[in-house]
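Numbering starts at 1 and runs along the sequence shown. Atoms within a ligand are numbered from 1 in the order they appear, just like the ligands themselves.
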Amino acid sequence: MNIFDYMQKYDYEQLVFCQDENSGLKAIICIHDTTLGPALGGTRMWPYKTEEEAIIDVLRLGRGMTYKNAAAGLNIGGGKAVIIGDPRQHKSEELFRAFGRYIQGLNGRYITAEDVGTTVADMDMIHLETDYVTGVSPAFGSSGNPSPVTAYGVYRGMKAAAKLAYGTDDLSGRVVAVQGVGNVAYNLCRHLHEEGAHLIVTDINEENVNRAVNDFGAKAVGVNEIFGVECDIFSPCALGAIINDDTIPLLKAKVIAGAANNQLKEERHGDQIHEMGLFYAPDYVINAGGVINVADELQGYNRERALKKVETIYDNILKVFEIAERDGMASYQAADRMAEERIASVAKSRNTFLQNGKTVYHR
Ligand SMILES: NC(=O)c1ccc[n+]([C@@H]2O[C@H](COP(=O)([O-])OP(=O)(O)OC[C@H]3O[C@@H](n4cnc5c(N)ncnc54)[C@H](O)[C@@H]3O)[C@@H](O)[C@H]2O)c1
Ligand SMILES: CC(C)C[C@H](N)C(=O)O
């Protein structure tokens with residue numbers, strides 16, 4: 001892979017390699033775009049088989065955060081970090097502190113948070129070395145675990161998508177099939193259950209399935225069965241790339257609305273479900289609740305304010321479909337257009353000369 005060519009193609013700003021022999025740290029920080037503000041995105045810890053795999057992942061994820069943050073209306077740029085290692089074996093205080101020192105060295109150009117493989121406890125260790133970390137324990141005045149807030153945002157976005165598909169956002173009596181009932185989806189199921197939706201769930205983790213069955217009366221099905229069940233809404237909350245050639249022909253739902261990142265295997269799958277008349281709520285628009293919540297910490301965390309902002313995911317989903325209709329395109333493309341238009345217009349409005357030579361940072 002020619003890294004500079006790739007960075008140039010998608011206009012990346014910076015890629016930082018971090019190595020610390022003492023702790024075994026091997027991490028990469030990607031800063032994709034800081035037009036809107038400091039790059040904010042989580043740290044993924046994953047046992048990548050090759051360095052190239054880690055580089056590709058961090059580049060892809062970092063760029064995704066630029067779009068997610070822009071579409072969410074945040075004055076925040078996009079970035080992400082990956083730590084190469086098995087989260088079940090290779091975590092230590094030294095490792096996260098070493099990583100925190102590298103983040104500190106970027107002096108606020110990159111701010112981290114949780115992602116797959118990292119937890120609030122890990123953020124607390126990073127916090128020992130830097131203030132450029134969010135999703136730290138609430139005892140530090142931070143917002144804590146972002147997952148319940150991500151779930152609330154997905155719930156709000158699902159209601160908006162249901163309104164477009166069915167003419168009402170009332171989810172009582174609707175059948176929702178949920179793939180993966182982990183941190184986010186457990187909380188999503190709670191909201192759906194409280195509203196009177198019927199749940200069908202699956203997970204590779206039996207404990208997680210049982211929890212949803214016991215707490216919310218969900219019906220459990222096998223991991224391959226979930227795609228073809230009779231339902232109104234399909235909610236992918238486990239893995240990426242699950243909207244693909246194999247699953248699309250099985251889908252019975254009119255709405256796809258879930259938390260998972262990178263749900264479309266390829267862009268053409270987004271076009272295909274659009275042509276079939278399905279309402280796909282673009283992943284990075286509907287799952288922005290977590291980042292909206294942690295971003296609020298940059299102003300001194302206020303939960304009420306953060307949740308109010310998360311509510312706007314409902315309108316953001318409506319807006320995406322408005323753009324899709326206006327410009328005759330699939331919803332995933334409309335989401336990209338919404339994000340790109342916002343970045344371009346803010347960049348333009350910031351061209352104004354300021355006497356002190358600094359950029360105004362609008363909060
Ligand atoms: N946590 C957040 O705030 C947040 C924010 C934005 C996006 N997301 C995305 O949402 C998704 C869920 O995040 P999470 O924090 O709940 O993760 P999680 O690990 O807690 O939950 C994922 C669940 O999916 C299950 N799973 C994995 N493979 C599966 C398969 N093949 N079939 C069925 N189930 C399977 C896992 O066992 C687990 O229970 C991820 O894609 C994540 O990137 C999370
Ligand atoms: C900043 C984090 C809470 C971001 C989250 N991991 C996401 O993918 O949106």
Side-chain angles (χ1 to χ4, degrees), residues 38-46 57-58 60-69 71-72 74 76-82 87-88 110-120 122-123 126 132-136 142-154 157 177-189 200-212 220-227 234-244 246-247 257-263 282-298 306 310 313:
L40 170 58
T43 296
R44 179 164 296 193
M45 187 165 184
W46 194 255
D57 209 27
V58 79
R60 196 178 51 88
L61 292 165
R63 181 164 173 260
M65 289 310 296
T66 297
Y67 281 80
K68 186 181 296 196
N69 296 338
L74 297 170
I76 294 287
K80 202 96 173 185
V82 298
R88 288 165 304 182
Y110 169 68
I111 302 168
T112 201
E114 292 85 351
D115 194 67
V116 176
T118 58
T119 63
V120 174
D122 303 334
M123 296 307 124
I126 293 172
Y132 300 120
V133 51
T134 55
V136 176
S142 175
S143 62
N145 181 2
S147 300
V149 187
T150 301
Y152 182 60
V154 174
V178 184
Q179 185 202 29
V181 263
N183 287 318
V184 175
Y186 176 79
N187 288 288
L188 171 65
C189 287
I200 303 176
V201 301
T202 194
D203 200 294
I204 50 171
N205 179 328
E206 211 181 301
E207 242 177 73
N208 287 357
V209 171
N210 293 339
R211 193 171 59 152
V221 298
V223 286
N224 295 323
E225 257 179 276
I226 195 79
F227 304 106
F234 174 55
S235 185
C237 295
L239 309 166
I242 51 80
I243 301 173
N244 57 46
D246 297 329
T247 59
N261 278 314
N262 305 318
Q263 291 172 27
D283 44 17
Y284 67 74
V285 180
I286 197 170
N287 74 14
V291 75
I292 293 173
N293 195 46
V294 298
D296 192 82
E297 291 183 29
L298 307 182
V310 172
I313 290 175

Closest protein heavy atom to atom 1 (C) of ligand 2, given as residue, atom name and distance to 0.1 Å: Ala113 CB, 3.5 Å
For atom 43 (O) of ligand 1, closest protein heavy-atom neighbour: Asn261 ND2, 3.1 Å
Shortest protein heavy-atom distance from atom 40 (C) of ligand 1, along with the residue and atom involved: Ala238 O, 3.5 Å
Asn262 vs Leu61 side-chain heavy atoms within contact, under 4.5 Å: yes
Side-chain donor/acceptor of Tyr152 to backbone N/O of Asn187, under 3.5 Å: no
Residue Val223 vicinity, atoms of ligand 1 by number, heavy atom under 4.0 Å: 32 (N), 33 (C)
Atoms in ligand 1 flagged as close to Asn205, the criterion being non-hydrogen separation under 4.0 Å: 37 (O)
Under 3.5 Å: N/O of Ser147 near N/O of ligand 1: yes
Side chain, backbone, both or neither: Val291 near ligand 1, heavy atoms under 4.0 Å: neither
Contact check, side chains of Asn69 and Val291, non-hydrogen atoms, under 4.5 Å: yes
Beyond-backbone contact of Val181 with Cys189, side-chain heavy atoms, under 4.5 angstrom: yes
N/O separation below 3.5 Å, Asn287 to ligand 2: no
Exercise: identify the closest heavy-atom pair between Ala39 and Gly79: CB-N, 3.8 Å
Nearest protein heavy atom with distance in Å, relative to atom 2 (C) of ligand 2: Glu114 O, 3.5 Å
Sub-4.5 Å side-chain heavy-atom contact between Met65 and Leu40: no
Shortest protein contact, atom 20 (O) of ligand 1 (heavy atom only): Asn183 N, 2.9 Å
Closest protein heavy atom to atom 30 (C) of ligand 1, given as residue, atom name and distance to 0.1 Å: Ile204 CG2, 3.8 Å
Close side-chain approach of Asp57 and Lys80, heavy atoms under 4.5 Å: no
Under 3.5 Å: donor-acceptor pair, side chain of Asp122, backbone of Thr119: yes
Protein residue, atom and distance nearest to atom 6 (C) of ligand 1, heavy-atom basis: Asn287 O, 3.5 Å
Heavy-atom closest pair, residues Val184 and Ala259: CG1-CB, 3.6 Å
Side chain proximity check, Val82 to Trp46, heavy atoms < 4.5 angstrom: no
Shortest protein heavy-atom distance from atom 38 (C) of ligand 1, along with the residue and atom involved: Asp203 OD2, 3.5 Å
Backbone of Gln179 reached by a side-chain donor or acceptor of Ser235 within 3.5 Å: no
Donor on one side chain, acceptor on other, Asp115 and Thr118, under 3.5 Å: no
Protein heavy atom at shortest distance from atom 21 (O) of ligand 1: Gly182 CA, 3.3 Å
Contacting atoms of ligand 2, where contact means under 4.0 angstrom from a heavy atom of Val294: 1 (C)
Numbering as shown, the atoms of ligand 2 that approach Asn261 to under 4.0 Å (heavy-atom distance): 8 (O)
Atom 8 (N) of ligand 1 touched by protein heavy atom at under 4.0 Å: yes
Geometric N/O contact Lys68 with ligand 1, under 3.5 angstrom: no
pair Tyr186-Asp203: side-chain heavy atoms closer than 4.5 Å: no
Ligand 1 to Ala259 polar contact by distance, N or O atoms, under 3.5 Å: yes
Per-residue contact class, Lys68 against ligand 2 - non-hydrogen pairs under 4.0 Å: side chain
Heteroatom distance test (Val184, ligand 1): nitrogen or oxygen, under 3.5 angstrom: yes
Atom 3 (O) of ligand 1: the protein heavy-atom neighbour that sits closest, reported with distance to 0.1 Å: Thr150 OG1, 2.7 Å
Which segment of Lys80 sits under 4.0 Å of ligand 2 when only heavy atoms are counted: side chain
Tyr132 vs Tyr110 side-chain heavy atoms within contact, under 4.5 Å: no
Side-chain (Thr247) to main-chain (Ile242) donor-acceptor, under 3.5 angstrom: yes
Per-atom contacts, ligand 1 versus Cys237 - under 4.0 Å to a heavy atom: 11 (C), 12 (C), 22 (C)
Atom 6 (N) of ligand 2: the protein heavy-atom neighbour that sits closest, reported with distance to 0.1 Å: Asp115 OD1, 2.7 Å
